[in-house]
Amino acid sequence: MPPPLLLEGELFPSSPGMLHRRSRRHHLMNRQIRRCSASTFFLIALTASYLSFRSFFPSSSSYYLRFGYSWDRLVRSSASPRRDSGISVLVTGAAGFVGSHVSLALKKRGDGVVGLDNFNDYYDPSLKRARQALLSQHEVFVVDGDINEAQLLARLFDSAQFTHVMHLAAQAGVRYAIENPHSYVRSNLAGLVTLLEACKSSDPQPAVVWASSSSVYGLNEKVPFSESDATDRPASLYAATKKAGEEITHSYNHIYGLSITGLRFFTVYGPWGRPDMAYFSFTKNILQGKPITIYRGKDGVALARDFTFIDDIVRGCVASLDTAGKSTGSGGKKTGPAPYRIFNLGNTSPVTVPKLVRILERNLKAKAKVIAKEMPGNGDVPFTHANISSARTELGYEPKTDLESGLKRFVKWYMSYYGDSNKGDTNPEESRQ
Ligand SMILES: O=C(O)[C@H]1O[C@H](OP(=O)(O)OP(=O)(O)OC[C@H]2O[C@@H](n3ccc(=O)[nH]c3=O)[C@H](O)[C@@H]2O)[C@H](O)[C@@H](O)[C@H]1O
């Protein structure tokens, strides 16, 4: 193939003057090409080193969002108490039902609060985001993260000196364990251990208050349920993981001197509640004219729960934080015995599920379409009933809200949040009912 004309002219000039001019141009061009190659090489090298620098971190942008200067500042400011002798609390599951209420209560009285939540889609995450927005209005910073992320937890404990951890993040729900058993292992066992590891390594160690469950009483028939009763016959994997949590926290108390308070919550309900729970899904279905299923026990006996209103639970949580003795460990070693406590937080007056439905019907001014079914053998227990003497004595806990007034407040919130639209339809748990 003939060389291009221009090049031919450069190589074989028709006159010496032209040769001179062409040779200078050639020289200049060569210099430009060399400069160009050098800068291209420099750019490539720069890009390569930037990319290899980025690969040190799982995601550079999320790293800076999470651990940058402004992230640290947000964590520190949110964790700082605004009153003398205020406490500083890391609340896990802060965008959850109980977590959001406890976080607000603490912040309102001047304590420092940092939230942690993974915003999973067990139920409609938009409800969790709405709770987060509410917390944000009250200057509670909720970190988007999981209790299984050891690095994140270490960073949180580095950024702020938490005096307490209120551990409420968990895979909740008794019957969902049939569908997704591993999520219980991941959150309620692995996540719990990761969190306790972070607490034990922190200096100073925080006191830990965490959510166990009334479900640990399982097939216990002695009523009311007392903390000293046997809890070795769980009826669901959920209950088994909560019971295991009580044993796991005990070992951290024994070995590392962590101050531990486990709270056995009894079917907590109220405004901003969990859409997977019966009172919530019944409300939605009654308003939408859809049927609800009411389970019955042996011989058609109505099931009953010691339904406990959220405000009472919040008072019990805050009192537990206030009375939790200090952890005694330092540098991963215990220097003396630390408190290990377990309390029932219930209402002490069980109500049957059909009665719950009648109260809802009155408040909603609508009739439920009821399908009665035998209780499936998927983890449910026939009744729960709390003895709260210990919580009364040690925490000054006194439930003040009966189911009638508590449901009234729930329905009021439900109508203001969802209106009469069918927003509840977006809930993934719909398919689980
Ligand atoms: O105390 C706890 O530790 C637990 O409380 C809660 O579990 P439960 O007491 O089982 O509440 P919830 O599901 O509202 O069912 C209430 C009643 O309605 C009956 N029920 C339920 C659904 C239905 O469709 N029909 C029905 O009859 C059902 O048979 C039951 O009799 C929390 O979800 C759990 O996370 C944990 O915190």
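Computed from a prediction, not measured in an experiment: that's the story for all the values here. Residue numbers start at 1 and run along the sequence shown. One-based numbering, in listed order, for ligands and for the atoms of each.
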Using a 4.0 Å cutoff against the non-hydrogen atoms of S215, which atoms of ligand 1 qualify? 3 (O)

Is the shortest distance from a heavy atom of Y238 to ligand 1 less than 4.0 Å? yes

Within ligand 1, which atoms have a heavy atom of A172 less than 4.0 Å away? 35 (O)

Numbering as shown, the atoms of ligand 1 that approach I294 to under 4.0 Å (heavy-atom distance): 27 (O)

Does the N or O separation between D276 and ligand 1 drop below 3.5 Å for any pair? no

If you measure from atom 4 (C) of ligand 1 to every heavy atom of A386, G346, S213, which option wins on shortest distance? S213

Within ligand 1, which atoms have a heavy atom of L303 less than 4.0 Å away? 29 (O), 31 (O)

Numbering the atoms of ligand 1 from 1, which are under 4.0 Å from a heavy atom of F266? 1 (O)

Enumerate the atoms of ligand 1 whose separation from the nearest heavy atom of G173 is less than 4.0 angstrom. 35 (O)

Which is closest to atom 31 (O) of ligand 1 in terms of heavy atoms, Q171, M375, R305? R305

At a non-hydrogen distance cut-off of under 4.0 Å, which region of K242 contacts ligand 1 (side chain, backbone, both, or neither)? neither

For S214, atoms of ligand 1 separated by under 4.0 Å from a heavy atom: 1 (O), 2 (C), 3 (O)

With ring centroids as reference points, do F266 and F307 lie under 6.0 angstrom apart? no

Any heavy atom of T267 under 4.0 Å from ligand 1? The part involved is both

Nitrogen or oxygen atoms of R274 and ligand 1 under 3.5 Å apart: yes

F225 and R264, any side-chain heavy atoms less than 4.5 Å apart: no

Pair K367 + E361, salt bridge at N-O below 4.0 Å: yes

K408/D402 ion pair, N-O < 4.0 Å: no

Could you tell me, atom by atom, which parts of ligand 1 come under 4.0 Å of a heavy atom of V353? 17 (C), 18 (O), 27 (O), 31 (O)

Can you find an N or O of V381 that's nearer than 3.5 Å to an N or O of ligand 1? no

Can you find a pair of side-chain heavy atoms, one from Y217 and one from D229, that are under 4.5 Å apart? yes

What distance do Q171 atom CD and T241 atom OG1 have between them, rounded to the nearest 0.5 Å? 9.0 Å

Hits for side-chain hydrogen bond (donor to acceptor under 3.5 Å, both in side chains) against S202, two or more places apart or cross-chain, chain-then-number order -> none

With the threshold set at 4.0 Å, does a side-chain nitrogen-carboxylate oxygen contact exist between E398 and R392? yes

How long is the span from the CG atom in N378 to the OH atom in Y295, to the nearest 0.5 Å? 6.5 Å

Going by distance only, is there an N or O of F265 that falls short of 3.5 Å from an N or O of ligand 1? yes

Could an N or O of ligand 1 be found under 3.5 Å from any N or O of F282, whether backbone or side chain? no

Under the ring pair (Phe, Tyr, Trp, His ring centres under 6.0 Å) rule, what pairs show up with a residue in residues 325-365, not counting sequence neighbours? H250-Y340

Contact region, Y295 to ligand 1, non-hydrogen atoms below 4.0 Å, reads both

Indicate yes or no for a side-chain donor-acceptor contact from T308 to the backbone of D306 under 3.5 Å, with no hydrogens or angles considered. yes

Tell me the nearest of T293, V370, V98 to atom 23 (C) of ligand 1, using heavy-atom distances. T293

Among F280, Y418, Y269, F309, exactly one meets ring-ring contact (aromatic ring centres under 6.0 Å, His included) together with F410. Which residue is that? F280

